[in-house]
Amino acid sequence: MSKPNNRSIESPITYEAKWAKLWREAKIFEADPVKDKPKFFICVPYSYQNGPLHLGHAFTFTRGDSYARFKRMQGFNVLFPWSWHWTGEAVAGTSERLKRGDPAIIRLLRDIDNVPEDLIPRFTDPAFICKYYTAENRKVVDAMGFSVDWRREFYTTDLHPYYSKFIHWQYLRLREKGFVSKGEHPVVWCPVCQSATGDHDRLVGEGIVPEEYTLVFFKYDEFYLAAGTLRPETIFGATNVWLNPDVEYALLEYDNKRILVSRRAAEKLIEQKHNINVVKLLNAKELIGKKCKAPITGVELPILPANFVDPNVVSGVVYSVPAHAPYDYVALLELQRDLSKSTGIDAKLLKELKPISIISVPGYSEFPALDVVKKMGISSQEDARLEDATKEVYSKEFHEGVMKDNCGEYSGLPVRVARDAVKARLISTGLGDIMYDLSGKVVCRCGNECLVKIVKDQWFLTYSDPKWKEKVKTHIMKMGIFPEEARQWFLNVVDWLHDWACTRKTGLGTSLPWDSSWIVETLSDSTIYPALYTISKYMNEGTVKPEQLTLEVLDYVFIGIGNPRVISKETGIPETTLKNMRDEFLYWYPVDCRISAKELVPNHLTFYLFQHVALFDENLWPRCIGANGMITVEGEKMSKSKGNMIPIKAALAKYGVDATRCTLLLAAEDMDDPDWRDKNAQETRRMLDLFLKIVDEVLSSGLEASENRLDRWLISKMVKKVKNITEAMESLKTRTACHEALYGMYNDWKWYVRRRKKLTRSALRFLDTWVRLLAPFAPFTAEEAWSKLGNNGFVSLAKWPDYHPEEVDEFAEVAEDLLAKLLVDVREIMGVTERKPIKVHVYTPSAWKLNVLSIMLSFDLKEVMRDPSTAIKESLKMFPEKRKDMPILVRKIVEYISSFPMEIPKKVLLELALQEKKIYEDAKSFLESEIGCPFNIWMEDEQKAYDPIGKSKQALPLRPGIFVEMLP
RNA sequence: GCCGGGGUACCCGAGCCUGGUCAAGGGGGUGGGCUUAAGACCCACUGGCGUAGGCCAUCCUGGGUUCGAAUCCCAGCCCCGGCACCA
């Protein structure tokens, strides 16, 4: 794909820019309240301004815009606003990397994102980055033909004159209502950057989250060995404590006691606990061979050496449960095998160490660790397969294990229950604690290794609040959600959601109103901003100054509390303006539809619901959400690192806007992931060009005055398409809708012109409807066609076609089907015989067969299929002389007739059968030109019928007999 | 692990809820038409067999329900996505 010009948007389709300009000049997408006109407020999530918009954005946006255009044509006053998300830490990260001269980031900006070389130095300012991309992307959005009311545009963060006012109001009100609380939580943390390290900020360790371990304190002398474990219930099976003899340990002052952990663990704990001091460093060798006392059981255990103990994992101290932990079992075996290694250890004691079985698991012996180690043939603690062995035992024991009789008050409990109970007891008696650690190595983008930090004084949105959840769930059950599968997903997310840390220390954003050392986190500042669109034009136009947007003003506009006269006096905003703002908010709200990628279901979209439910009256809660898939390119996930990221601009430059829009829409609907393929885009381009060519051809060809069944066929097919497309759009099935509007209509058109060389006015009517049906998907091409067809104004504002059921003509439709079927049959005969036809004879059935059809249509065809005897008897009453042929005939007819679509009325089928001969006769010249030889149409029992091999007898109603005369 | 979505022909994909209209539609390929030629466009074919419109096979695998199953039920195999402080 060619590199796009960075300065302007260029499309190979010249009329696109023309129409974009005309729309802009006519301001047709600027939406203001119109009394008594139904409104439709649709929006898409604003995009983060850290790069050029790409096809992934374009997919969601195009769905949104097509729906907006559809609703506008249906007569709604449609508001489709736009804005930009600047909140977040990523842009700041880019700036930092640039400041450090990171060559990768320079390459990315210059080569992937096409930032002009001279501007790159200015990217050290995060605000500049956002400003730059906003300007670039606005051009792209405009070029895409999105029908946006730009008067309402804004961006986020306190760099913006009024957005932060809105966020302050929102958070003060949320806090008053008790939806914000203070607490602490563990995060993956980079000690160098002094900030949380999210998945996107990591070089290594994507997906790794803080894991909660239990520290178990073993008393030794005046301090405790703090062993870390995921399985505190195994304390009953402890035989010894492991230390790594080659590792440095640290003695810590900790909660009025002293504990021993690895030196590395001490560094970690400092980020997690208050008042920790390192008293001194210790060599593990000093402790090897000594004894310590286990908590709860009070048993004396030896301290033994083990090199599998990793000082980087949890506390660097491990207690040994050889019966149930493969690592421990193998380490013990090794020690016992090679006593020389264990200098300073009482050999007798070592030999006497035996696994203690404390958990029974179905399918295993009393020592599951031993079973698994034997099965896998592991003999060294360096063996990597110990990981798998551990996983197996862990999982089996957790799900199916039961504590044995030797576990005190926990005996008989399932492992999963005992685990929490033992943990709680350890902590409450001061003989244990919680420590967080990472299950794998995480390296920050800055190159430093991360650890777990407990962030204190963190602010949370209390999404775990059961009452709040309940209200949200009730609303989810009532609102529109497309596709339907997404509804259950939303319900699950609400169930699963817990409190959300809504503040950050770094990056761009809006300060927390009551504590400016925090900023509101990026997902948390973007939940109810659609409300801001309803009044942002007042500020953008200067009617209301940003500083006039006080809490009282916002309370009045959004909640309806306060006296506008008083507020007007206090703020200087004219009272009528205040009232207009309030009215405008109430006019547009609630949001009728929000369209987004499905990745936002478990976060943004759910938060969006929570916050609306918390802040607004029920009648202002969102009415509908549409979730869609995420794009792939030629079957591969799109990403900058893969180098297959396609900016919208590049696609437009190659295929033009409408082809890009339609290719996206045609790629998928519902939550399926669309796949962008160059081949498809080229094909769509061809189709759109062909459409305009068809318009030109129709306009330049003379029209015939007299219309016939074929014209009724065309209109019938057309109105059915109108119905299908309208219904598809109403449930956001944009793929079906676009496909039918483009290819479905085209296929009907092809048959029509194939059948009729001279066009009639119906062709014009068909085109008129076709253009309207295409307008939401390919608006530029539609405008171009619309003006070619001699219309004034814009098809964008034209009326969406109505469904006229009275114009459905089943007779005409099936009549054409009969002709098509006849052609298929004749061709099949030709194909089999592989000879050239010289004449085709078609035989329609004789009258008595039609009578039988008529009798059968008085029965339920399904019944006749199952048991034809009644229908046969009934038919024999009328034609007793056909006793021999009747059973077969009835079966054949019912089989064939029931292959017609169910919705065709029986009356129509009968009428068709009666007129069958005429249908073929009328189409004789068409049939002859298709097959390339003369046709004769006979009736079965016609005297003069030419029927050398008796094919006329095969004639059934709606299925003629055929004899193809061929060259020998 | 938990939750969600899937497996359809050479490729992409519809159909499944509500069983019979059915294996849509598009791409690619093959043949033909149009054309000085190319492209565009139009037509046919594109699982197998067949010298008469037919027969057989097929919708991840294996069972079942039914007159009838891509569709409903059961079991299994495989793939993809989300899982939180990240936009």
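No experiment lies behind these values; they were computed from the predicted model shown. We name chains A, B, ... by the order of the sequence lines, and we start the count at 1 in each one.
In this structure, Asp825(A) does not pair ionically with Arg827(A), as no charged nitrogen and carboxylate oxygen lie closer than 4.0 Å. The pair Lys453(A)-Glu271(A) meets the salt-bridge criterion, with a side-chain N (NZ, NE, NH1 or NH2) lying under 4.0 Å from an Asp/Glu carboxylate O. Using a 4.0 Å cut-off between charged nitrogen and carboxylate oxygen, Asp689(A) and Arg685(A) count as a salt-bridge pair. Lys821(A) and Glu816(A) are not joined by a salt bridge, as no carboxylate oxygen comes within less than 4.0 angstrom of a charged side-chain nitrogen. Salt bridge status for Asp673(A) with Lys598(A): present, with a side-chain N to carboxylate O gap under 4.0 Å. Taking the charged nitrogens against the carboxylate oxygens, Lys721(A) and Asp748(A) do have a contact shorter than 4.0 Å, which makes a salt bridge.
Between the side chains of Glu940(A) and Ser952(A), no donor-acceptor pair of N or O atoms lies under 3.5 Å. Side-chain N/O atoms of Thr663(A) and Asn680(A) include no donor and acceptor closer than 3.5 Å. Using modelled atom types and a 3.5 Å distance limit, the side chains of Asp499(A) and Thr462(A) yield no donor-acceptor pair.
Taking atom CZ on Arg835(A) and atom P on U51(B), their separation rounds to 11 Å, with Å as the unit. For the pair Lys836(A) NZ and G32(B) P, the computed distance is 11 Å after rounding to whole Å. Atom CD in Glu930(A) sits about 14 Å away from atom P in C34(B), given to the nearest Å. Per the geometry, CG belonging to Asn492(A) stands 13 Å off C1' belonging to G5(B), to the nearest Å. For the pair Glu599(A) CD and C3(B) C1', the interatomic distance rounds to 17 Å; values are reported in whole Å. For the pair Lys598(A) NZ and G6(B) C1', the interatomic distance rounds to 9 Å; values are reported in whole Å. Regarding Glu669(A), its CD atom lies at a distance of 12 Å from the C1' atom of G15(B), rounded to whole Å. Atom pair Leu666(A):CG and A14(B):P shows a separation of 12 Å (rounding to whole Å applied).
Distances shorter than 4.0 Å separate some side-chain N or O of Asn747(A) from OP1 or OP2 on G26(B). Neither OP1 nor OP2 of A84(B) sits under 4.0 Å from any side-chain N or O of Asn603(A). In this structure, Arg735(A) does not reach the A24(B) phosphate: none of its side-chain N or O atoms is under 4.0 Å from OP1 or OP2.
A donor N or O paired with an acceptor N or O is not found under 3.5 Å between the base of A14(B) and the side-chain atoms of His739(A).
Between Phe607(A) and Trp500(A), the distance separating the two ring centers is shorter than 6.0 angstrom.
Considering only side-chain atoms of Leu600(A), the nucleotide from G53(B), A87(B), A84(B) that sits closest is A87(B). Closest to the side chain of Tyr743(A), out of A87(B), G50(B), G26(B), is G26(B). The Met966(A) side chain lies nearest to A52(B) when the options are A84(B), A52(B), A87(B). Distance from the side chain of Lys679(A) is smallest to G28(B) among U51(B), G28(B), C12(B). In this structure, the nucleotide among G28(B), G4(B), G53(B) sitting nearest to the side chain of Lys951(A) is G53(B). Listed nucleotides G53(B), G82(B), C11(B) differ in distance to Lys637(A); the shortest reach to its side chain belongs to G82(B). Comparing G53(B), G5(B), C41(B) by their nearest atom to the side chain of Glu485(A) picks out G5(B).
In this structure, Leu497(A) reaches the bases: a heavy-atom distance under 4.0 Å links it to at least one base atom across the strands shown. Within 4.0 Å of Thr663(A), counting heavy atoms only, lies no atom of the nucleic acid at all. Within 4.0 Å (heavy atoms only), Lys750(A) reaches sugar-phosphate atoms of the nucleic acid but no base atom. Within 4.0 Å (heavy atoms only), Pro960(A) reaches at least one base atom of the nucleic acid. Glu683(A) comes within contact range of the sugar-phosphate backbone alone, with a heavy-atom separation under 4.0 Å but no base atom that close. Using a 4.0 Å heavy-atom distance criterion, Gly961(A) is classed as a base contact. If you check every strand for non-hydrogen atoms under 4.0 Å, Val187(A) touches nothing. Here Thr87(A) lies in heavy-atom contact (under 4.0 Å) with sugar-phosphate atoms only. Among the atoms of the strands shown, only primed sugar atoms or phosphate atoms (P, OP1, OP2) are found under 4.0 Å from some heavy atom of Asp672(A). Across all strands, His185(A) comes closer than 4.0 Å to base atoms (heavy-atom distances). Using a 4.0 Å heavy-atom criterion, one finds that Leu822(A) contacts no nucleic acid atom at all. Residue-level contact check: Asn680(A) touches neither bases nor backbone, having no heavy atom under 4.0 Å from any strand. The residue Val964(A) sits close to a base: some heavy atom pair falls under 4.0 Å.
G15(B) and C72(B) are spaced 12 Å apart, taking the P atom of each and rounding to whole Å. Distance check on atom P: U8(B) versus G13(B) gives 9 Å, rounded to whole Å. When the C1' atom is compared between A14(B) and U71(B), the two are found 13 Å apart, to the nearest whole Å. Remark: the separation of the P atoms in C45(B) and G26(B) is 13 Å, to the nearest Å. Atom name P, nucleotides C60(B) and A70(B): the rounded distance is 10 Å, in whole Å. If you take atom P in U35(B) and the same atom in G25(B), they sit 29 Å apart, rounded to whole Å. Spacing of P atoms, G39(B) relative to G31(B), comes out at 13 Å, to the nearest Å. Nucleotides G64(B) and A9(B) place their C1' atoms 27 Å apart, quoted to the nearest Å.
Of the nucleotides present, none pairs with A24(B) by Watson-Crick or G-U wobble criteria with both distances under 3.5 Å. The base-pairing partner of G4(B), taking Watson-Crick or G-U wobble contacts with both distances under 3.5 Å, is C80(B). Partner assigned to A87(B) is none, using Watson-Crick or G-U wobble distances below 3.5 angstrom. Nucleotide A9(B): unpaired (no Watson-Crick or G-U wobble partner with both distances less than 3.5 Å). Taking a pair to require two hydrogen-bonding distances under 3.5 Å in either a Watson-Crick or a G-U wobble arrangement, U61(B) pairs with A75(B). Base pairing analysis places A44(B) opposite U30(B); the two distances defining the Watson-Crick or G-U wobble pair are each below 3.5 Å.
Of the residues in residues 48-56 of chain A, those placing a heavy atom less than 4.0 Å from an atom of RNA chain B are Tyr48(A), in numerical order.
Residue Gln488(A) is the one, among Gln488(A) and Arg959(A), whose nearest nucleotide of RNA chain B lies closer to the 5' end (criterion: closest heavy atom). Along RNA chain B, the nucleotide nearest Gln954(A) and the nucleotide nearest Ala668(A) are compared for position; the residue whose nucleotide lies closer to the 5' end is Ala668(A).
The only member of Trp84(A), Trp86(A), Tyr163(A) that meets ring pair (Phe, Tyr, Trp, His ring centres under 6.0 Å) when paired with Tyr155(A) is Trp86(A).
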What's the verdict on side-chain contact (heavy atoms from CB on, under 4.5 Å) for Phe777(A) and Leu742(A), showing C-alpha distance, side-chain angles and the deciding distance? CA-CA 9 Å; Phe777(A) 316 112; Leu742(A) 205 51; over 6 Å; no
